[in-house]
Amino acid sequence: MSAPLNPLSVESLRERFKQGLPDTSVATDAADLEHYGKDWTKVYVPAPALIAFPKSTGEVSQILRFCNDEGFAVVPSGGRTGLSGGAVAARGEVVLSLSRMNRIGEIDPVSSTVRVEAGAVTEAVHQAALPFGLTWPIDFASKGSSQVGGNISTNAGGVKVIRYGLTRQWVLGLTVVLMDGRILELNGALEKNQSGIDLRQWFIGSEGILGVVTEAVLKLTRVPVKHDVYFFALESLDRVYELFLQARQGPFTVSAFECLSHACLESVTAHLGLAAPFAARSAQYVLLETEPGARPEESEAWLTRIFEEGIVVDGVQAQSPREATDLWKLREGISESLSARAQVHKHDISLPISMLRSFLAEWEPRVREENPDFGLFIFGHIGDGNLHVNIQKPDSIAKDDFLARVKVIDEALFPLVKKYHGSISAEHGIGLLKKPWLSFTRTAEEIALMKQLKQTLDPRGLLNPGKVL
Ligand SMILES: Cc1cc2nc3c(=O)[nH]c(=O)nc-3n(C[C@H](O)[C@H](O)[C@H](O)COP(=O)(O)OP(=O)(O)OC[C@H]3O[C@@H](n4cnc5c(N)ncnc54)[C@H](O)[C@@H]3O)c2cc1C
């Protein structure tokens, strides 16, 4: 553990906590500390002092006020599927787990809203809304574990951003507790409310450094009547772009446009024991999901044309929901397949779509040439300009050598992202992992303003300290 953030030894802190908050459920055994002290990055050694499990907004307020008075650092914790170390507690912090605040209220089909507690699991919200023909359209591979509070605090994206936008668009109201215990009710269930600054937006995407989200009113949308899912093989990234353009102009609504390289396909099929959809190898693959228009013959004509024009070399269309799920596994299983095999250094960058190719043409060959032993896996939400770049450690080198070499890669990558007017974090957040690189994406003036806001809301710097800023 690097220098502890709390003024007392772990034992004294626990004792003080028990005296000050005798009714709060707390865990201190080694397995819980390990479990709740880390997220999916798995690169930090978890070392929290204790885990607190509040059951209401009022209790969160009591805990935060107490910790603020005592000078105890607190880490808000959701499903810990984060990929930037935002929920990591490695320095004797109090972890505030929202997992027991997981109630999902009545679905209101007239206003298409639902009030939920922050610990509600993303997929559980989907399931609750489904009988009403509704959904909360925040969708990605970790939805079975991630929580609404974590989704809001990371302004999560995912595979449907091209259709629905980010989490921000689907949050009407928030209940937030500040570090000194003050409770803010922000925007209720209002769609329209132009009455001064929209404070709710401060907390969406701020990775738990400004306040703890305890409840939210979520906006829901209708579940589409039908989805068509296609998986295409293409000979180059240029062809992927052509297909994207054709899909955007196609006789349907695009609900996902995901791209993966052959190395990604090999990794995921080997890991899941699935057959590759095509006998021949191609450079790129695209998973296209559409909401078809009223005339199926128009989609068929569109398909015929993209084959005739040589934009795709092969393709399959799911003929059943089960086949659609299997095709989606080829995309959604990639991250897990890479981590299961070896240590992975991950990047989640975004660029203006028009610059993706020039960026990759400049970056990828150089990395491959300098690191021929590394596995390089590139996939992502190409329709949003978001690339997930994954570098896998070869068995032949030690962890420290790997980290030293990926640092060199990072030092070249981030200036290039800046050159192409991109972002060092498209959707995973800054957390601990990307903090040293924040200035490649945000100006000194922006960072200074963020620090002022943090100082205003958390003057003692006790809420998620060391993260983002
Ligand atoms: C396989 C896999 C695929 C993924 N795919 C995507 C993807 O496509 N798109 C995407 O955006 N992300 C993706 N992620 C990342 C992750 O799932 C999201 O960032 C998710 O929103 C995190 O939610 P969580 O509940 O797990 O949050 P956590 O990891 O627990 O926390 C994330 C951050 O939010 C803070 N936080 C958590 N709860 C609260 C709260 N109630 N109040 C205040 N702050 C809080 C934490 O302190 C931390 O800084 C993926 C992760 C995995 C493992």
Side-chain angles (χ1 to χ4, degrees), residues 35-42 54 57 60 64 73-89 93 95-102 116-123 125 138-162 166-168 174-179 202-216 256 258 268 329 331-340 344 346 348 350 379-381 384 386-388 390 425-435 458 463-468:
H35 183 66
Y36 287 95
K38 66 179 180 212
D39 68 0
W40 251 70
T41 48
K42 296 174 189 149
T57 296
V60 171
L64 289 184
V74 176
V75 176
S77 177
R80 297 173 326 283
T81 65
L83 295 168
S84 66
V88 164
E93 304 94 327
V95 170
L96 186 77
S97 169
L98 278 293
S99 56
R100 294 195 192 163
M101 290 182 62
N102 58 4
V116 303
E117 290 184 326
V121 169
T122 314
E123 195 170 35
V125 177
I138 310 305
D139 193 357
F140 38 75
S142 52
K143 65 187 170 208
S145 306
S146 77
Q147 299 176 4
V148 168
N151 300 155
I152 291 172
S153 302
T154 54
N155 188 24
V159 291
K160 298 288 170 75
V161 171
I162 194 168
L166 297 156
T167 297
R168 192 182 296 286
L174 283 185
T175 305
V176 174
V177 185
L178 301 182
M179 191 62 206
W202 287 358
F203 300 94
I204 303 177
S206 58
E207 298 182 54
I209 66 167
L210 299 181
V212 175
V213 175
T214 57
E215 294 176 52
E258 299 286 309
V268 72
K329 282 183 190 163
R331 163 62 185 86
E332 296 218 298
I334 299 171
S335 276
E336 192 186 307
S337 75
L338 297 176
S339 308
V344 179
K346 285 173 174 294
D348 160 48
S350 69
F379 61 97
H381 319 293
D384 313 319
N386 180 185
L387 289 179
H388 296 310
N390 289 254
S425 173
E427 57 182 13
H428 294 166
I430 298 297
L432 285 173
L433 206 58
K434 300 288 152 61
K435 192 168 87 156
D458 174 23
L463 191 58
N464 224 0
K467 314 291 171 57
V468 185

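First listed ligand is number 1; within each ligand, the first listed atom is number 1. Bear in mind that the values here come from a model prediction, so they are computed numbers and not experimental data. One is the number of the first residue; the rest follow in order along the sequence.
Protein heavy atom closest to atom 11 (O) of ligand 1, with residue, atom name and distance, is G157 N, 2.8 Å. The protein atom (non-hydrogen) at minimum distance from atom 12 (N) of ligand 1 is H428 CD2, 3.8 Å. Regarding atom 24 (P) of ligand 1, its nearest protein heavy-atom neighbour is G79 N, 3.5 Å. The nearest heavy-atom contact from the protein to atom 46 (C) of ligand 1 is P76 O, 3.2 Å. Considering only non-hydrogen protein atoms, atom 9 (N) of ligand 1 sits nearest to E427 OE2, 2.9 Å. When hydrogens are left out, the protein atom nearest atom 15 (C) of ligand 1 is T81 O, 3.6 Å; that is the closest non-hydrogen contact.
The distance from atom OG1 of T41 to atom NZ of K346, rounded to the nearest 0.5 Å, is 10.5 Å. Rounded to the nearest 0.5 angstrom, I152 CD1 and T122 OG1 are separated by 9.5 Å. Interatomic distance, L178 CG to L64 CG, rounded to the nearest 0.5 Å: 8.5 Å. The structure places OG of S142 at 8.0 Å from CH2 of W40, a figure rounded to the nearest 0.5 Å.
For ligand 1, the atoms sitting less than 4.0 Å from at least one non-hydrogen atom of L98 are 41 (N), numbered in the order shown with element in parentheses. Shown in contact with G208 at under 4.0 Å from a heavy atom are these atoms of ligand 1, numbered in order with element: 43 (C), 44 (N). Set against the non-hydrogen atoms of R80, the atoms of ligand 1 under 4.0 Å away are 24 (P), 26 (O), 28 (P), 29 (O), 30 (O). Interface atoms of ligand 1 facing V212, defined by a heavy-atom separation under 4.0 Å, are 42 (N), 43 (C). Taking every heavy atom of L83 and a limit of under 4.0 angstrom, the matching atoms of ligand 1 come to 14 (N), 15 (C), 50 (C), 51 (C). Close approach of ligand 1 to A118 (heavy-atom distance below 4.0 Å) involves ligand atoms 41 (N). Proximity to G82 (heavy-atom distance under 4.0 Å) selects the following atoms of ligand 1: 26 (O), 29 (O).
K467 does not count as a contact of ligand 1, since none of its heavy atoms falls under 4.0 Å from the ligand. The closest approach between a heavy atom of G158 and any atom of ligand 1 is below 4.0 Å. Residue G211 places a heavy atom under 4.0 Å from ligand 1. Remark: distances from the non-hydrogen atoms of H381 to ligand 1 include one below 4.0 Å. Under the 4.0 angstrom criterion for non-hydrogen atoms, E336 is not in contact with ligand 1.
Polar contact check, G78 against ligand 1: a nitrogen or oxygen pair lies under 3.5 Å apart. Residue contacts with ligand 1: S142 is placed with a nitrogen or oxygen under 3.5 Å of a nitrogen or oxygen of the ligand (distance criterion only). Ligand 1 has no N or O atom lying under 3.5 Å from any N or O atom of V159, backbone or side chain. Between S77 and ligand 1, a contact under 3.5 Å exists for no N or O pair. The shortest N/O to N/O separation between Q147 and ligand 1 falls below 3.5 Å.
For S146 and N151, the side-chain atoms include at least one donor-acceptor pair closer than 3.5 Å.
Between H381 and H388, the angle of the ring planes goes over 60°, which puts this pair in the perpendicular group of the 30/60° scheme.
Formation of a donor-acceptor pair under 3.5 Å by the K143 side chain with backbone atoms of E123 is not found in this model. Judged by distance alone, with hydrogens and angles left aside, the side-chain atoms of R80 form a donor-acceptor pair with the main-chain N or O of H35 at under 3.5 Å. Although no hydrogens or angles enter the test, the distance criterion places a donor-acceptor pair under 3.5 Å between the side chain of S337 and the main chain of I334.
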**Item:** Residues M101, T57; criterion side-chain contact (heavy atoms from CB on, under 4.5 Å); working and verdict
**Value:** CA-CA 9 Å; M101 290 182 62; T57 296; 4.0 Å; yes
**Verdict with supporting geometry, E93 and V74, side-chain contact (heavy atoms from CB on, under 4.5 Å)** = CA-CA 6 Å; E93 304 94 327; V74 176; over 6 Å; no
**Asked** Stepwise, does the side-chain contact (heavy atoms from CB on, under 4.5 Å) test hold for L210 with V176?
**Response** CA-CA 9 Å; L210 299 181; V176 174; over 6 Å; no
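You'll find the side chain of D348 reaches within 4.5 Å of the side chain of N386, heavy atoms only. A 4.5 Å side-chain heavy-atom check between T167 and T154 finds every atom pair outside the cut-off.
In this structure, of A141, G144, A89, S153, the residue bringing a heavy atom nearest to atom 45 (C) of ligand 1 is S153. Within the set Y36, F140, W40, F203, the minimum heavy-atom distance to atom 5 (N) of ligand 1 is found for F140.
For the pair A216 and L174, the tightest heavy-atom approach, listed with the atom from each and the gap, is CB-CD2, 3.9 Å. Closest of all the heavy-atom pairs between V268 and G333 is CG2-C, 3.5 Å.
When non-hydrogen atoms are compared, ligand 1 lies under 4.0 Å from the side chain of N464 (C-beta onward) but not from its backbone. Contacts of A156 with ligand 1, taken as heavy-atom pairs under 4.0 Å, involve both backbone and side chain. When non-hydrogen atoms are compared, ligand 1 lies under 4.0 Å from the side chain of T154 (C-beta onward) but not from its backbone. Of all the heavy atoms of N151, the ones lying under 4.0 Å from any atom of ligand 1 are found in both the backbone and the side chain.
Between E258 and R331 there is a salt bridge, with a side-chain nitrogen of the basic residue lying less than 4.0 Å from a carboxylate oxygen of the acidic one.
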